[in-house]
Amino acid sequence: MSDVQSTSFLSRCRRSRSFVVGGLLTGFLLLCAFVSLFWTPGSAYDIIITNRFLPPSSLHWLGTDQFGRDIVSMLMTGTQNSIVVAVVAVSIGLSIGVSLGLLASARRGWTEELIMRFSDFSFAFPAILSAIMLTAIIGPGGVNSILAIGLYNIPVFARLTRGSANAIWAREFVMAARAAGKGRFRITFEHILPNILSIIIVQATILFAIAILAEAALSYLGLGTQPPEPSWGRMLNEAQTLMFLDPMQAIYPGLAIATAVFGLNLLGDGLRDILDPRLSRKR
Amino acid sequence: MTDCSSHVPVLEVTDLVRHYRLPRESLFAKPGHVYALNGVTFQIQRGKSFGIVGESGCGKSTLARNVMALEETDSGSVKILGQEVVGLSFDQLRPLRQHFQMIFQDPYGSLDPHHTVGRIVAEPLAALGAISNAERDRRVAEVLESVGLKTRDVTKYPHEFSGGQRQRIAIARALITHPELIVADEPVSALDVSVQAQVLNLLKDLQVQYGVTYMFISHDLAVVEYLCDEVAVMYLGEIVEKGLTENLFTNPAHPYTRILLDAVPKPGSGKRRERIKLKGNVTGQTERRVGCSFQDRCPMVQDLCRSEKPPLKEVGPDHLAACHFSDKVSAAG
Amino acid sequence: MTLLNVKNLNVILETSEGIARAVRDLNFSLEKGETLGIVGESGCGKSMTALALMGLLPEMGKTTGQIELNGENLLEKSEAEMCKIRGNNLAMIFQEPMTSLNPVHTVGRQIMEPLRLHMGLTKEEARAEAVRLLDRVGIPNPRERIGNYPHQLSGGQRQRVMIAMALSCAPDILIADEPTTALDVTIQDQILELIQALVHEEGMGLILISHDLGVVSENTDSIMVMYGGAAVETGRTDNIFDELVHPYTQGLFAAMPKLGRAREARLVTIPGTVPDLVNLPAGCTFTDRCPLATEICRNTPPPIESIDARHAAA
């Protein structure tokens, strides 16, 4: 038996290296998005043709694009769009998907059948294709791409939640809770959810990264964020034709996406460790 | 309910039947069944320990779950303190559950790793509702002390404890509502010998202290002999022999009981004692057979056993056995 | 020549909490056709000893000392040589046969694989040999069973398959680590009897590891009781139970509920739990739980005393 006291949540956070690094990266992006609401070093919108393809300088930290817009400013404003899309889309998938999964697992029987067949059905459509279909019907734009990506996330979460929840339902401590007289609803919130939370969080950060990529893909296809709003995906799209003229144009937004994805994955890994009381022991 | 007269048995199980349906092997095949319990009847008097012995697949854990009203029962009756529990809804059962609690086999799986010890132990109280925090903390402290844990352990998590201590936590959880009946499903089989002895002694002490009744399930005959006043031996979902521990262990009247007793290795008895050996495995639970359930493995099987099912009949005072030839079995010992 | 001779065997594990001395200064030997029982509670080092013999310790483990098999020190062998030895001279069966068998292959295939690999048999020969082995370990209808998957067999039958696999290369030494712990008593009886018969017929050496004094007592020629990574009492099985010398062995024996003993007698318990292998006490490892402990136990490790020629205690 270890006589080390259960350490506080905060000090556990500090000890997880991936949580710290992931948190710093994600925090940096959030800060960029937030700052860009009030201030950007240059203008992300003003087209000044005479300034096109300027090299990095003290005025334009990363230079300008083919229309003379400041790249740093575009990246910062683009962070806003990407993060808003990803957060909202994942939240939609998370809240609806997890609820459906927990419900399926708690009720079993035909409820489970129905929910799972529904999710199989939606799995049959490839994510990007269905997003394209959806935006084709209700029209392109930021909000619609959020909806499209969010809807796609629902079955992913529902499936994962049901699978891991079923495994927890089979454990003896759940049997003990039932023997104590706890109802299925209560057990779901007191025992099932805490035990699968870490899995869901990790999945959420992965899907968060995928959502950023999906937004980029939709924007790249011209179905997501509409011009003149900058987004990482649209920047990539526009840089494509200039690949040989000025490759840095594509590398910057690519790096931004990679940073976001990497940071979020690290954050998810770290969170999973922190939420596990077994890892709170001396290390 | 707690003040009912003392001659009402704490637990009365009558003709309990539980058959599980297997998933169909193909769309047109008839679904198979697992015949887990085929009419089990017994009573446990207040303050006694009743042992249920059998090998894996004999239905003893199914019996525990049905007594605890944790799954649907096909037919039969389970009365706890005279109150029928079969057929009650989960909500109707909730207020009754404080009278019967359970201890599980696996001290690692039966405690939620995300809950503190205090929360785990208080769980049965939480389900009763309406109890003040101070009262809850008082009872948690009291019950932790009575199982030999420290009051300051309430803020720790299960992983900080050894197997034996975890089983103490599980016992504390079962005790907190001061139940009349505790169903213990193999509570010591996952523990080391020295720790097992500590837990067995604790269970004995708690019985004296709280006057609790045990339904004690185990595959280990020695453990059952040590703890129980009365024993039932189960084979393929039926009780094949039942009696007071001293009678049944000294003078078994069913060949299966005799073989089980013989099969237990005894330290210091030298190499390879002479004894009756048992052939084959526990035969399927998925088929219903005519005649005795033990016929496939019985060393003294006769034609009668294949055609006619032996009833559970009296072979001595408070001693029942289901064998056509129980006189012969007893005489052989 | 002695079949197996172990001298000063030490196993250390580098854990995140420090260096754990899982096995300390173990000495024992084994002759052909002889059975050695290793008894102890979880964490006493009995499984680590077995893994060290097999050369299968986890990455963080280090072994020192001597393990002489037919006069050759196994600790000086390369991994490739050990692989060969494991196939031909040493075999091991584990506690849980379900996890030691691959669920997606038929048992026939799993028995045939090492036969074809180590002995260079053709597919037909290997098949015939597998049928013979399954028949040998008492599996009915081996010709049909060979096509079964592990989940289609019962626990006892799976353990028989494991034994068949262990036998397939006619090993010199069979190490059985809790071979019957997961099984029912009547099945345990059958399996132990089978192992006994095979050891007798093949003239193998058997190391039987168990937590159950009864199992070891009925199936071995000599016994080694382990506690906290070290042997605390060794001796011939017949002698050791006549007079238990070490307080731990006495405690273990007293703590065990025994059939036929009246219920009135309260079980004597060993207080406390097994020692932390990372921070072993300076003296006798049993000090904290020992009813006879004195100051000298706390500070000085006890010497090994020979009670008589065939019985020693620490």
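The sequence lines fix the lettering, A, B, ..., with proteins before strands; numbering per chain opens at 1.
Listed options A:Ile168, A:Asn195, A:Val174 were ranked by heavy-atom pairs under 4.5 angstrom with chain B; first place goes to A:Asn195. Heavy-atom pairs under 4.5 Å with chain B were tallied for A:Ala179, A:Gly183, A:Pro194; the largest tally goes to A:Ala179. Of the residues considered (B:Met102, B:Glu123, B:Met68), B:Glu123 shows the highest number of contacts with chain A, using heavy-atom pairs under 4.5 Å.
Two residues are said to be in side-chain contact when any heavy atoms from C-beta on lie closer than 4.5 Å; B:Arg18 and B:Arg65 fail this criterion. Between B:Gln165 and B:Asp153, every side-chain heavy-atom pair lies at or beyond the 4.5 Å cut-off. Contact check for B:Phe100 versus B:Leu11: no side-chain heavy atoms found under the 4.5 Å cut-off. With a 4.5 Å cut-off on side-chain heavy atoms, B:Phe216 and B:Leu200 count as touching.
A donor-acceptor contact shorter than 3.5 Å is absent between the side chain of A:Arg178 and the backbone of A:Ile187.
Counted by atom type alone, B:Asp112 and A:His191 present one or more donor-acceptor pairs between their side chains at under 3.5 Å.
Within residues 103-111 of chain B, the residues having any heavy atom under 4.5 Å from a heavy atom of chain A are, by residue number, B:Phe104, B:Gln105, B:Asp106, B:Gly109, B:Ser110, B:Leu111.
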Check residues 86-96 of chain A and write down every donor-acceptor pair under 3.5 Å in which the side-chain atom is one partner and the other belongs to a residue at least two apart or another chain.
unit_1: A:Ser91; atom_1: OG; unit_2: A:Val87; atom_2: O; d: 2.6
unit_1: A:Ser95; atom_1: OG; unit_2: A:Ser91; atom_2: O; d: 2.7
unit_1: A:Ser95; atom_1: OG; unit_2: A:Ile92; atom_2: O; d: 3.3

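A cation-pi arrangement, defined by a distance under 6.0 Å to the six-membered ring centre and an angle within 45 degrees of its axis, is absent between B:Arg94 and B:Phe90.
Neither the backbone nor the side chain of A:Arg184 comes within contact range of chain B; no heavy atoms are under 4.5 Å apart.
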